[in-house]
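The structure appears below as structure tokens.
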Amino acid sequence: MLTMVEYVHQRISTYSFQVGVDFTMGNGHDTLFLAEQCSKVYAFDIQSEALENTKKRLGDRQHVQLILDSHENMKQYFSSFDIGIFNLGYLPQASHHITTTLPSTQKAVCQAIEMMKKALFIVVYPGHEEGYQESLWIHEYVSQLDSHQFHVSCFQMLNKKKAPYVIEIEKKQ
């Protein structure tokens with residue numbers, strides 16, 4: 001079975017797009033994937049360690065803008081995008097005390113849904129307290145999106161209650 005991130009990458013490869021956004025840069029795996037698919041990529045993180053790790057992973061790619069800022073401030077950097085990824089939680093191999101938080105995730109997800117042209121993927125990690133709170137809100141919020149405007153689906157392991165899962169939101173054309 002695919003990991004959640006592998007699943008997201010497989011799904012993204014079915015779309016065509018120009019502008020991609022990695023809302024949670026981390027160590028740059030999603031940023032690099034988007035850089036190989038898009039002509040312009042924006043990537044956000046609040047930790048300078050994430051930005052440095054991603055910069056090393058990207059090499060000399062010039063079409064990627066790494067942004068040391070919260071994803072909730074996205075409107076300062078662009079007005080729309082084709083494809084986006086949130087990989088919520090904490091920076092792997094770093095402090096687990098620094099995580100995405102419900103207030104900034106709420107703002108960012110709402111803005112991203114308004115600004116997206118094609119699709120948004122949210123990898124949710126309910127295995128820690130903040131991630132659990134995010135998962136409750138995200139599930140409730142995306143379940144209420146207008147079905148005439150959006151397709152919303154979920155990919156998850158049903159026999160692992162605290163395992164990460166993926167929400168996919170596709171804007172109807």
Side-chain angles (χ1 to χ4, degrees), residues 3-94 98-125 130-131 134 137-138 141-142 145 149-150 152 164 166-173:
T3 67
M4 294 300 138
V5 172
E6 290 168 341
Y7 172 80
V8 168
H9 290 184
Q10 184 181 65
R11 290 290 302 134
I12 286 174
S13 66
T14 67
Y15 290 94
S16 63
F17 39 82
Q18 298 295 312
V19 179
V21 182
D22 183 352
F23 291 100
T24 50
M25 188 186 318
N27 286 314
H29 297 282
D30 292 333
T31 307
L32 176 61
F33 180 79
L34 289 173
E36 294 169 345
Q37 309 290 319
C38 300
S39 57
K40 179 66 179 175
V41 175
Y42 299 90
F44 292 86
D45 211 293
I46 61 168
Q47 296 179 76
S48 57
E49 181 182 354
L51 193 129
E52 291 306 316
N53 293 345
T54 301
K55 193 180 293 187
K56 289 176 192 168
R57 186 171 307 285
L58 290 173
D60 63 354
R61 289 176 175 83
Q62 300 297 312
H63 65 292
V64 180
Q65 183 176 345
L66 303 182
I67 303 165
L68 186 62
D69 197 355
S70 174
H71 48 217
E72 69 186 281
N73 296 320
M74 70 183 81
K75 288 185 176 184
Q76 295 175 23
Y77 301 94
F78 54 86
S79 59
S80 67
F81 64 94
D82 297 305
I83 197 91
I85 304 172
F86 283 88
N87 203 335
L88 301 173
Y90 46 79
L91 178 62
Q93 290 94 43
I98 302 171
T99 68
T100 53
T101 63
L102 181 57
S104 71
T105 297
Q106 287 173 316
K107 252 180 118 172
V109 167
C110 290
Q111 288 177 37
I113 291 169
E114 287 175 23
M115 297 168 69
M116 73 180 212
K117 291 182 180 177
K118 296 192 180 187
L120 181 66
F121 293 84
I122 307 170
V123 184
V124 182
Y125 292 84
E130 194 67 33
E134 287 175 321
W137 177 81
I138 290 167
Y141 183 75
V142 302
L145 291 174
Q149 294 181 26
F150 302 98
V152 180
V166 176
I167 301 284
E168 180 177 353
I169 304 167
E170 181 182 64
K171 190 169 192 176
K172 291 184 176 181
Q173 300 301 317

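Being a predicted model, the structure only gives us computed values, none of them experimental.
By the 30° and 60° cut-offs, the orientation of the rings of Tyr77 relative to Phe44 is perpendicular.
Looking at Ser70, its side chain never comes within 3.5 Å of a backbone N or O of Asn73 through a donor-acceptor pair. In this structure, the side chain of Asp82 does not engage the main chain of Gly20 through any donor-acceptor pair within 3.5 Å. Between the side chain of Thr54 and the main chain of Leu51, no donor-acceptor pair closer than 3.5 Å is present.
The local environment of NZ in Lys172 is crowded, with over 12 non-hydrogen atoms from other residues, nucleotides or ligands closer than 6.0 Å.
Using a 4.5 Å cut-off on side-chain heavy atoms (C-beta onward), His63 and Ser39 make no contact. Inter-residue side-chain proximity for Ile46 and His71 is flagged as unmet; no heavy-atom pair is nearer than 4.5 Å. For the pair Leu34/Val64, no side-chain contact is recorded, criterion being any heavy-atom separation below 4.5 Å from C-beta on. Put simply, the side chain of Gln76 reaches to within 4.5 Å of the side chain of Asp69, judged on heavy atoms. Phe121 is not listed as a side-chain neighbour of Asp30, based on a closest heavy-atom distance of 4.5 Å or more. Here the side chains of Leu66 and Lys55 are in contact, with some heavy-atom distance below 4.5 Å. Taking the side chain as every heavy atom from C-beta outward, Gln106 and Glu72 never approach each other to under 4.5 Å. Gln111 places none of its side-chain heavy atoms less than 4.5 Å from the side chain of Phe23.
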Exercise for review: Quick one: do Phe81 and Lys117 satisfy side-chain contact (heavy atoms from CB on, under 4.5 Å)? Show the steps, please.
Suggested key: CA-CA 6 Å; Phe81 64 94; Lys117 291 182 180 177; over 6 Å; no
Exercise for review: Let me see the working for Val8 and Met4 under side-chain contact (heavy atoms from CB on, under 4.5 Å), right down to the final yes or no.
Suggested key: CA-CA 6 Å; Val8 168; Met4 294 300 138; 5.6 Å; no
Check your understanding: When you look at Ile12 and Phe17, which way does the side-chain contact (heavy atoms from CB on, under 4.5 Å) test go after all the steps?
Key -> CA-CA 9 Å; Ile12 286 174; Phe17 39 82; 3.4 Å; yes
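Among all heavy-atom pairs drawn from Ala112 and Leu120, the shortest one is CB-CD2, 3.9 Å. Nearest heavy atom pair, residue Phe86 against residue Thr24, reads C-OG1, 3.6 Å. Residue His29 comes nearest to His9 through the heavy atom pair O-CE1, 4.1 Å, listed as atom of the first residue, atom of the second, then distance. Of all non-hydrogen atoms in Glu36 and Arg61, the two that sit nearest each other are OE2-NH2, 3.9 Å. Residues Phe150 and Ile113 approach most closely at CZ-CG2, 3.6 Å, considering heavy atoms. Across all non-hydrogen atoms, the minimal contact from Gln18 to Cys38 is O-CB, 3.2 Å.
From Lys118, atom NZ reaches atom NZ of Lys171 across 12.0 Å, with rounding to the nearest 0.5 Å. Separating the CZ atom in Arg11 from the CD1 atom in Ile83 is a distance of 9.0 Å, to the nearest 0.5 Å. To the nearest 0.5 Å, atoms CD (Glu6) and CZ (Phe33) are separated by 11.0 Å. If you take CD1 on Ile122 and CD on Glu134, they are separated by 10.0 Å, rounding to the nearest 0.5 Å. Atom-to-atom distance recorded for Asn27:CG and Glu49:CD is 7.5 Å, nearest 0.5 angstrom. The distance from the CG atom of Asp22 to the CG atom of Asp45 is 8.5 Å, given to the nearest 0.5 Å.
Aromatic ring centroids of Tyr42 and Phe78 lie under 6.0 Å apart.
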